[in-house]
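In what follows, a single structure is set out as structure tokens and then discussed.
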Amino acid sequence: MNLLLRERYPEAFLWPTKTYQPISAFCLLPATISLVRVPREYTLQPYRDSVDLQIDYEAELNESQRAAVTALPGPALVIAGAGSGKTRTLTYRVAYLLEQGVPADRILLLTFTNKAAKEMMGRVTNLIGRDMSELWGGTFHSIGHRVLRRHAEALGFTRSFTIQDREDAKGLITACIAEADIDVKATRFPKPDVVGDIGSLAINKQVPVSEIIEDRYPWFEPLTEQITNVLDRYTKRKLDNGLMDFDDLLVLWLRLMKEHEDLRTMYQQRFQFVLVDEYQDTNLLQAELIDLLGARFKNVMVVGDDSQSIYSWRGANYANIMEFPKRYSGAQVYKIETNYRSTPEILNLANAAIAANTRQFAKKLTACRDSGEKPAKVVCSAADEQAAFVAQRALELREEGIELSDMAVLYRSHFHALELQLELTRRNIPFSITSGVRFFEQAHIKDVTSYLKWLANPRDEQAFKRLVLMLPGVGGITALKLWGQFLTAHAGSRPLAEAVQLCAGVPKKAKVPWAQFSATVAQLETKSVVGDAGAMISLILEAGYSDYVEANYDKAPQRKDDIEQLSVFARQYDSLENFLAELALLTNVEAEQGRSENEDEEKLRLTTIHQAKGLEFKVVFVIMLCDGMFPSNRSLDSLDGEEEERRLFYVAITRAMDELYLCHPLIRTVAAGSSDDMIQLPSRFLKELPDELLDEWKIGSFDPYQQGAF
């Protein structure tokens with residue numbers, strides 16, 4: 001095969017060689033009469049098996065894939081649309097470089113997940129037909145770990161450093177807080193987990209800790225100096241104890257490259273070709289690492305899709321992919337727009353959905369599949385009707401031969417699927433939940449529902465203990481003692497608040513919070529609130545639990561949103577007992593789902609859109625497409641926020657292969673039997689879609705136009 005790259009760009013194919021000096025000649029030294037030998041240099045090239053693939057790129061790749069795979073050396077940005085064969089393109093790019101004579105150990109392939117790394121390395125091995133262990137391929141963190149194991153001494157560590165998990169890090173931060181002599185009870189200081197999250201965000205976004213606190217944790221602004229002090233101590237402790245955490249694998253790798261010119265030069269010479277997957281998800285730290293490693297040869301090829309950049313909340317920087325051509329002068333931009341996943345009708349809708357974004361690389365997904373069904377916009381009267389539609393339609397499609405496991409229900413936030421979980425449970429339709437921790441198993445939800453369980457059944461020991469363990473200075477032994485005192489005080493059906501006040505074993509640190517706890521219980525027992533689950537949840541949040549969430553949990557605004565939506569959800573039940581019964585049913589079902597998630601069962605998939613990225617399903621239902629819910633209210637504070645939400649909508653649409661249902665309810669029930677319901681306007685993203693691209697489905701005889709919703 002004609003080695004075009006090697007002939008035209010020989011400097012791009014240099015690699016370090018070992019030089020030996022064999023004895024070969026004689027000469028006279030000036031001060032002596034003896035003969036000495038003058039060495040002659042002889043260069044020994046490292047032996048490697050020859051690679052003679054002779055792949056038929058014309059047959060294996062489409063035109064746009066082939067252009068990227070066979071690109072000449074130099075910086076390149078590959079915009080790979082959804083379902084366009086991104087992994088295939090990267091795999092064949094590696095094979096092409098090997099075929100051109102690039103040694104495997106001169107190629108660096110960076111991915112984001114272990115799953116992606118394993119898949120890509122496996123494909124390369126299968127394509128090449130031999131072991132590819134020489135190829136440096138893996139996640140950013142795994143490559144960082146590999147480098148740091150070799151050069152830890154340069155940073156003051158030993159090569160035997162230990163990598164901390166989250167629990168280890170939490171323990172070390174706890175020690176740093178104690179060392180800083182901070183009275184965490186007097187100042188409502190954040191929990192160690194939260195301090196760690198603040199530090200992690202600052203590292204990954206490459207901004208000062210103060211900026212993270214101001215933006216994400218404003219209630220902790222008065223404590224900025226103390227939090228920064230604790231994080232500085234944490235960094236020093238890690239060094240002193242030979243410890244690194246997950247973030248250090250990147251931040252110390254970058255520091256190594258910046259501070260040690262000899263090592264930086266070595267790796268810049270070694271990695272002649274740098275390939276990066278999912279580049280739209282990189283943060284500033286990762287982008288700087290890539291730029292440093294590729295600085296000598298500029299053979300940096302990054303592959304991604306700007307329209308699928310949806311992780312800014314965890315540090316991803318959208319500007320990385322948008323500004324790549326500016327940072328790399330002369331960079332070639334390749335667009336892969338042929339989609340192998342979806343029907344033309346779904347892709348036409350996807351192109352229309354993303355069109356309103358002002359910052360993007362213009363592209364148009366085209367289908368190679370035959371025509372199919374038009375996507376449907378499903379107008380429902382309320383959330384329970386939306387749930388009934390999804391359940392019924394899923395069963396109908398199953399009768400038509402599509403398995404439940406080939407269907408997915410996608411949503412913006414976890415609480416959007418509450419009604420649907422109930423409906424599926426009632427109909428005995430198996431489902432799996434893959435959107436993180438199951439809703440009712442989340443700590444903040446269990447905290448709040450413990451109040452309700454205990455109010456409904458004062459002899460619920462576990463609920464009582466969970467509540468008192470949230471108070472400062474209360475541990476397991478004290479909680480058991482307080483439980484015994486409460487039972488004694490409550491004998492004879494004395495009101496709960498009064499029985500709480502009679503407990504004598506309250507630690508000194510908990511005196512004030514205990515009084516607040518008693519006052520909250522008294523409010524929950526009033527006639528206007530007791531028995532109304534929704535009203536009780538709202539009161540719990542307002543009476544101090546909101547402060548507890550901010551001090552003890554990460555993502556406090558989202559957690560408080562969950563609780564507020566749980567309050568709305570609970571108001572449709574006419575009694576506290578009925579709500580708790582449904583809650584118990586759902587919790588038990590979720591637990592069973594968790595126990596059997598590895599079994600090969602046919603189940604409908606319920607998942608957030610964020611966690612569905614990279615997946616595909618024959619049928620997709622997107623629910624709760626209401627303004628303020630999707631897009632979320634919080635995202636509408638800025639143009640960047642709204643555009644990221646629109647990209648999230650685009651990701652949801654492009655998960656569908658054959659059928660797509662976009663659902664929105666027009667009202668949300670506020671209270672059982674009440675006419676005071678919340679009007680839900682359709683998502684602005686639905687309004688941006690041309691009518692001719694959608695079929696509108698109206699459930700039953702319901703007519704939204706007659707109801708005055710538009």
Side-chain angles (χ1 to χ4, degrees), residues 170 173-195 217 219-223 226-227 230 443-444 446-526 529-530 536-553 556 559-560 563:
K170 177 182 174 182
I173 293 173
T174 300
C176 293
I177 293 172
E179 182 183 74
D181 200 24
I182 296 171
D183 187 346
V184 296
K185 308 306 177 186
T187 59
R188 196 169 72 96
F189 199 77
K191 290 287 186 181
D193 278 342
V194 178
V195 174
Y217 302 85
W219 48 90
F220 288 137
E221 280 193 76
L223 303 173
Q226 290 174 294
I227 293 170
V230 168
H444 56 295
K446 294 184 77 170
D447 289 345
V448 170
T449 55
S450 289
Y451 274 99
L452 306 187
K453 291 177 180 179
W454 181 56
L455 265 292
N457 175 18
R459 300 191 67 82
D460 188 332
E461 179 179 356
Q462 295 308 311
F464 176 87
K465 286 182 177 178
R466 185 177 187 95
L467 297 176
V468 299
L469 283 169
M470 289 192 286
L471 304 178
V474 177
I477 295 175
T478 303
L480 183 60
K481 186 185 299 182
L482 289 170
W483 171 245
Q485 293 175 353
F486 166 75
L487 286 179
T488 301
H490 184 57
S493 300
R494 180 181 278 120
L496 297 184
E498 187 178 332
V500 167
Q501 291 172 351
L502 292 174
C503 293
V506 181
K508 185 177 179 181
K509 288 182 177 179
K511 290 291 184 184
V512 173
W514 187 266
Q516 175 62 57
F517 173 57
S518 177
T520 300
V521 173
Q523 290 177 284
L524 291 170
E525 287 187 297
T526 58
V529 177
V530 70
M536 293 172 77
I537 292 169
S538 294
L539 192 152
I540 292 164
L541 189 62
E542 294 167 4
Y545 187 72
S546 177
D547 293 338
Y548 182 85
V549 171
E550 292 175 353
N552 291 276
Y553 294 126
R559 291 179 188 263
K560 289 191 286 186
I563 296 168

I need the minimum non-hydrogen distance between [X] and [Y], along with the two atoms involved.
{"X": "A510", "Y": "L471", "value": "CB-CB, 4.4 Å"}
{"X": "F189", "Y": "Q226", "value": "CE1-CB, 3.8 Å"}
{"X": "K453", "Y": "A463", "value": "CB-CB, 4.1 Å"}
{"X": "P192", "Y": "T174", "value": "CG-OG1, 3.1 Å"}
{"X": "A479", "Y": "V474", "value": "N-CG1, 4.0 Å"}

Check: [Y] and [X] side chains under 4.5 Å, non-hydrogen atoms:
{"X": "V529", "Y": "Q523", "answer": "no"}
{"X": "H490", "Y": "L496", "answer": "yes"}
{"X": "H444", "Y": "Y545", "answer": "yes"}
{"X": "Y553", "Y": "Y548", "answer": "yes"}
{"X": "N552", "Y": "V194", "answer": "no"}
{"X": "L480", "Y": "E461", "answer": "yes"}
{"X": "F486", "Y": "V468", "answer": "no"}
{"X": "I540", "Y": "L524", "answer": "yes"}

Please determine whether the number of non-hydrogen atoms from other residues, nucleotides or ligands lying under 6.0 Å from atom NZ of K481 exceeds 12.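 Incorrect, the count does not exceed 12.
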Counting N and O atoms only, with roles assigned by atom type, does the side chain of [X] sit under 3.5 Å from a partner on the main chain of [Y], one being a donor and the other an acceptor?
{"X": "T488", "Y": "G484", "value": "yes"}
{"X": "Q485", "Y": "G505", "value": "yes"}
{"X": "S546", "Y": "E542", "value": "no"}

Once you round to the nearest 0.5 Å, how far does [atom1] of [X] lie from [atom2] of [Y]?
{"X": "Y451", "Y": "M536", "atom1": "OH", "atom2": "CE", "result": "11.0 Å"}
{"X": "D193", "Y": "K170", "atom1": "CG", "atom2": "NZ", "result": "4.5 Å"}
{"X": "T449", "Y": "I563", "atom1": "OG1", "atom2": "CD1", "result": "10.0 Å"}
{"X": "S450", "Y": "Q462", "atom1": "OG", "atom2": "CD", "result": "9.5 Å"}
{"X": "D447", "Y": "R559", "atom1": "CG", "atom2": "CZ", "result": "9.5 Å"}
{"X": "D460", "Y": "L455", "atom1": "CG", "atom2": "CG", "result": "11.0 Å"}

Enumerate the side chain to side chain donor-acceptor pair (under 3.5 Å) contacts for residues 510-520, please, sequence neighbours excluded, ordered by first and then second residue.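 Found Q501-S518, Q516-T520.
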Sequence-distant partners of A556, side-chain contact (heavy atoms from CB on, under 4.5 Å), two or more places apart: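 Listed in chain order: W219, V549, E550.
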Return the orientation label for the W454 and F517 ring planes: parallel under 30°, perpendicular over 60°, tilted otherwise.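 Parallel: the ring planes of W454 and F517 meet at under 30°.
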